[in-house]
Structures are given as structure tokens and as C-alpha cells.
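Shown next, in C-alpha cells, is the structure this report addresses.
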Amino acid sequence: MDTTADLLKTPLHSLHLELGARMMAFAGYDMPIQYPMGVMKEHLHTRAAAGLFDVSHMGQILIRAKSGDTADAARALEAITPVDVMGLKPGRQRYGLFTNDQGGLEDDFMVANRGDHLYLVVNAACKHEDLARIQAALSNTCEIEAQFDRGLIALQGPAAEAALSALAPEAAEMKFMDVRAFLIGGAPAIVSRSGYSGEDGYEISLDAADTDRIARLLLADERVEAIGLGARDSLRLEAGLCLYGNDIDQTTTPVEANLKWAIQKARRTGGEREGGFPGADVILKQFDAGPERLRVGLQPSGKAPVRAGAELYERESGGAAIGTVTSGGFGPSAGGPVAMGYVPSALSAAGTTLYAEVRGKRLELVVNALPFVQPTYKR
């Protein structure tokens with residue numbers, strides 16, 4: 001068990017304590033789960049105004065081609081991901097996946113073309129394995145730089161643009177998935193118009209020494225409140241977004257996970273650079289034949305939330321389990337319990353009634369189209 005002394009601290013650790021956060025171990029870091037406002041109000045505030053999240057525990061990695069041509073770095077990265085990295089224009093980013101030879105997912109990440117290099121943000125719990133994976137595959141042709149000590153904050157919600165552009169007017173010009181470098185309060189920042197809440201917003205990469213000051217500048221805006229990992233989880237669940245380790249892992253393929261959209265045409269069968277990534281034979285076959293199971297939204301019919309790990313059944317009594325809930329809880333904006341899980345493809349149509357076993361009772365739920373709350377990205 002992690003003791004507080006063993007846990008790593010982000011550049012905002014003292015700020016979290018000052019704000020009265022309830023702290024908890026997460027991916028080896030001492031992280032804020034909630035503030036005195038509480039998870040429900042934090043969630044609703046983010047949807048109504050703007051929330052500031054500390055995501056500095058995530059891993060930031062730079063990749064530069066030794067040739068000086070970023071297209072060479074993109075080509076090299078495509079050997080370990082099914083994503084079209086070469087088609088990514090400078091100043092743009094996209095969602096990416098690392099796959100294994102069985103077609104399973106080793107992690108999901110964001111990748112940006114920064115002109116003279118690629119910039120990746122990977123999950124906290126996987127960042128050391130991801131770095132080793134990238135080094136093993138790319139070291140001959142690329143320089144790889146881990147920036148695990150940098151700060152990373154996410155400003156999310158309908159008031160995010162106004163709050164950030166008050167400090168950096170350039171922010172208002174950006175569209176969803178744009179990435180730019182500019183000064184915020186005099187501090188150099190790498191800013192993407194993205195996030196993991198289903199709301200418009202930004203992720204802001206800063207030098208560790210600048211992170212606390214810029215976070216305080218943003219929090220000085222009355223529209224911005226500090227938000228913990230509890231609300232981050234309920235926001236992403238309502239938005240139908242996967243949490244690595246819960247909804248996707250080494251045993252789930254991108255097709256099963258309903259992430260086919262993350263594999264662009266160039267990498268699919270008949271594409272310019274078809275396959276050539278780990279597990280391509282399994283994944284591309286599933287594109288054509290369809291998978292045996294699919295990740296779906298699940299809406300419990302009652303008021304009781306259905307949590308991750310609950311087994312799913314086709315009937316109210318008897319029969320073997322046919323699937324599992326991978327994420328579940330109360331959706332404050334959805335106004336009731338929401339969940340995601342894997343079910344056989346034959347039972348994946350919206351409106352299909354299923355049952356989840358909770359404390360020995362089977363509770364009715366209905367397959368629901370994702371997301372539960374429509375995103376508000378600025379495209």
C-alpha cells in the first residue's frame with residue numbers, strides 16, 4: 001500500500017492542500033479527489049462555467065527525427081500505433097492508441113505535430129512503459145525526450161475560452177484539437193484546445209516552476225473552480241470517453257472498444273499505409289467481420305448506480321453472464337445513473353434490455369447510445 005511519503009507530488013500539491021482538497025493515491029501520485037465543493041457541484045460547475053484540473057501526473061514525451069524531418073518521426077511512430085500520424089498537420093493533434101500483437105490496447109494517448117517535433121501526452125499509470133515502448137521502436141531514428149516533470153493543467157467548460165483568453169487572447173482563435181505555443185501570464189505554454197470532459201476547453205503544458213502561479217491566475221477568475229479526479233471521472237463517463245485500465249486494456253481491441261474512428265482510412269485495409277502496426281491482422285479482420293463484443297452505454301432503469309465489475313445478464317434470472325460493466329456511477333448532468341460495459345454484438349443495439357447483478361439482485365438497464373451528454377467542442 002502506498003503511504004503519503006512514498007507518493008509523488010505534482011507542482012500543484014501545496015495548492016491542493018491550501019484549497020482543502022481530499023487527497024488520495026492515484027497512479028503513484030498524491031492527487032486531489034475532491035475539494036470542499038464536493039464531486040456533484042464540481043461536476044455541474046464544469047458543465048456550467050469552467051473547471052481547472054491538475055493532470056500533471058500524466059506523461060509528456062517529445063519525439064524528434066534525427067533527420068530533422070518530422071515526417072520521419074511520424075512514420076516511425078506509425079510502427080507502434082494504428083493512427084495516421086503522417087497525415088497530422090503542424091499545429092494539430094489527434095487521439096492515438098498503442099496496440100499489442102493480439103490487437104489489445106496498451107494505452108491511449110494524444111499526439112500533436114508541433115512542426116519540428118511530435119508531442120505526446122500518455123496516461124500516468126502507463127507512462128514509463130510507454131516511454132520504454134517508444135524508445136525501443138524509435139531510438140535508431142529519433143531523439144526521445146521525457147518531460148515527466150512538467151506541469152499539465154486542464155481548463156474545461158463553456159467559460160474556459162473567456163477565462164484563458166483574458167490572460168492570452170490567442171486562445172480564442174483556436175479550434176478543437178489545435179495546438180499552439182504562447183505566453184500565459186508571461187509563462188511559455190504549449191496549449192491544446194482539447195480535454196476529457198466532453199466540454200470545450202484547453203490542456204496547458206507549463207514548466208513546473210510556472211504551474212502554481214498560472215493555476216492561481218486562472219482560479220482568480222470567478223468563473224473558474226478547482227476540480228478533483230472524482231468529477232473528472234463522472235464528466236468523462238457522461239461523455240462516453242474511455243478510462244484506460246477500466247474500459248480499455250490489453251485484452252480489448254479498438255474495434256471492440258468502439259474506437260474504430262481513431263484508426264484513419266490510411267491505416268485500414270486498402271489504405272495508403274495499410275496495417276504495419278502491432279495486432280494489425282486481428283484489428284483489420286474485425287473491421288471487416290465485426291467483433292464478437294462491443295463497448296456500449298448502459299442506462300440503469302432505477303436510481304441505484306451500477307459500478308465497474310458488475311456482471312451483465314440477458315435475463316432477470318438464470319443464465320450465464322454475457323458481459324461486464326467497466327465504468328459506472330451517477331451522472332449529475334444526465335440526471336441519473338450511467339454506465340459503460342461490454343456486451344455481445346448481437347445485444348449491442350440501443351434499447352436492448354439487460355440486467356446487472358448488484359449485491360445478489362439483478363437490476364434492469366438499457367443499452368444507450370453514447371455519449372450520455374452531447375459534447376460542446378469548438379470545431
Side-chain angles (χ1 to χ4, degrees), residues 33 38-40 43-44 47 102-105 108 196-198 229-261 282-283 285-287 289-375:
I33 297 303
V39 173
M40 174 87 84
H43 175 115
L44 294 171
R47 293 254 188 261
Q102 292 72 46
L105 294 163
D108 60 344
Y196 222 60
S197 65
L229 292 182
R232 181 171 158 85
D233 193 51
S234 57
L235 288 159
R236 69 93 198 161
L237 174 54
E238 285 186 343
L241 300 169
C242 294
L243 176 65
Y244 189 81
N246 280 48
D247 309 296
I248 51 175
D249 60 26
Q250 294 172 330
T251 69
T252 57
T253 73
V255 181
E256 291 172 340
N258 243 328
L259 297 174
K260 288 200 296 188
W261 56 268
V282 175
I283 294 166
K285 198 176 289 178
Q286 286 187 348
F287 261 93
E292 289 183 8
R293 60 175 184 161
L294 272 175
R295 176 178 64 94
V296 296
L298 298 163
Q299 189 118 42
S301 302
K303 291 183 178 176
V306 174
R307 307 283 179 189
E311 292 195 319
L312 295 168
Y313 294 83
E314 196 173 354
R315 292 188 290 278
E316 198 168 359
S317 62
I322 51 93
T324 311
V325 173
T326 54
S327 284
F330 184 75
S333 306
V338 291
M340 295 193 293
Y342 284 83
V343 302
S345 297
L347 297 173
S348 66
T352 303
T353 299
L354 298 171
Y355 298 88
E357 193 155 282
V358 179
R359 291 189 289 278
K361 289 184 180 173
R362 291 195 188 174
L363 306 181
E364 183 182 285
L365 35 71
V366 176
V367 175
N368 197 85
L370 292 171
F372 296 101
V373 172
Q374 287 305 310

**Distance in Å, S333 OG paired with L237 CG, rounded so as to fall on 0.5 Å steps** = 11.0 Å
**Message:** Would you say that V296 contacts T352 through its side chain, given a criterion of any heavy-atom pair below 4.5 Å between the two side chains?
**Reply:** no
**Request:** Mark yes or no for whether R47, through its side chain, and G198, through its backbone, hold a donor-acceptor pair below 3.5 Å.
**Result:** no
**Request:** Locate the shortest heavy-atom distance separating R307 from G329; write the atom from each residue and the value.
**Result:** NH1-CA, 3.5 Å
**Donor-acceptor contact below 3.5 Å, side chain N258 vs main chain R295** = yes
**Fill in**
In this structure, OH of Y355 is separated from OG of S317 (nearest 0.5 Å) by 9.0 Å
**Request:** Taking all heavy atoms of R236 and all of S327, pick out the closest pair and write down the distance.
**Result:** NH2-OG, 2.8 Å
**Asked** When rounded to the nearest 0.5 angstrom, what distance separates CG in L354 from CD in E316?
**Response** 12.0 Å
**Message:** Ignoring hydrogens, what is the shortest heavy-atom contact between P371 and A239? Give both atom names and the distance.
**Reply:** CB-O, 3.3 Å
**Item:** Side-chain (E238) to main-chain (A334) donor-acceptor, under 3.5 angstrom
**Value:** yes
For residues 356-367, dump all side-chain donor-acceptor pairs below 3.5 Å to protein atoms at least two apart in sequence or in another chain.
| from | atom 1 | to | atom 2 | distance (Å) |
| --- | --- | --- | --- | --- |
| E357 | OE1 | R362 | NE | 3.3 |
| R362 | NH1 | R315 | O | 3.1 |
| R362 | NH1 | G318 | O | 2.8 |
| E364 | OE2 | S301 | OG | 2.9 |

**Message:** So, using side chain to side chain donor-acceptor pair (under 3.5 Å) as the criterion, who are the partners of N368 when residues are at least two apart?
**Reply:** none
**Request:** Would you mind reporting whether T326 and T252 have side-chain heavy atoms less than 4.5 Å apart?
**Result:** no
**Prompt:** For the residue pair L241 and S197, what are the closest heavy atoms and their distance?
**Reply:** CD1-N, 4.3 Å
**side chain to side chain donor-acceptor pair (under 3.5 Å) against Q286, all qualifying residues, sequence neighbours excluded** = T253
**Item:** Those residues that, when tested against R293, pass salt bridge (Lys or Arg N to Asp or Glu O under 4.0 Å) (two or more places apart)
**Value:** E256
All N/O donor-acceptor pairs, side-chain side in residues 335-345, below 3.5 Å, sequence neighbours left out:
| from | atom 1 | to | atom 2 | distance (Å) |
| --- | --- | --- | --- | --- |
| Y342 | OH | D247 | O | 2.6 |
| S345 | OG | P291 | O | 2.6 |
| S345 | OG | E292 | O | 3.4 |

**Request:** Answer yes or no: is there a side-chain heavy-atom contact under 4.5 Å between V306 and L298?
**Result:** no
**Message:** Test: ring-ring contact (aromatic ring centres under 6.0 Å, His included). Region: residues 313-335. Which pairs qualify, not counting sequence neighbours?
**Reply:** none
**Item:** Nearest-0.5 Å distance that lies between atom CG in L347 and atom CG in L312
**Value:** 10.0 Å
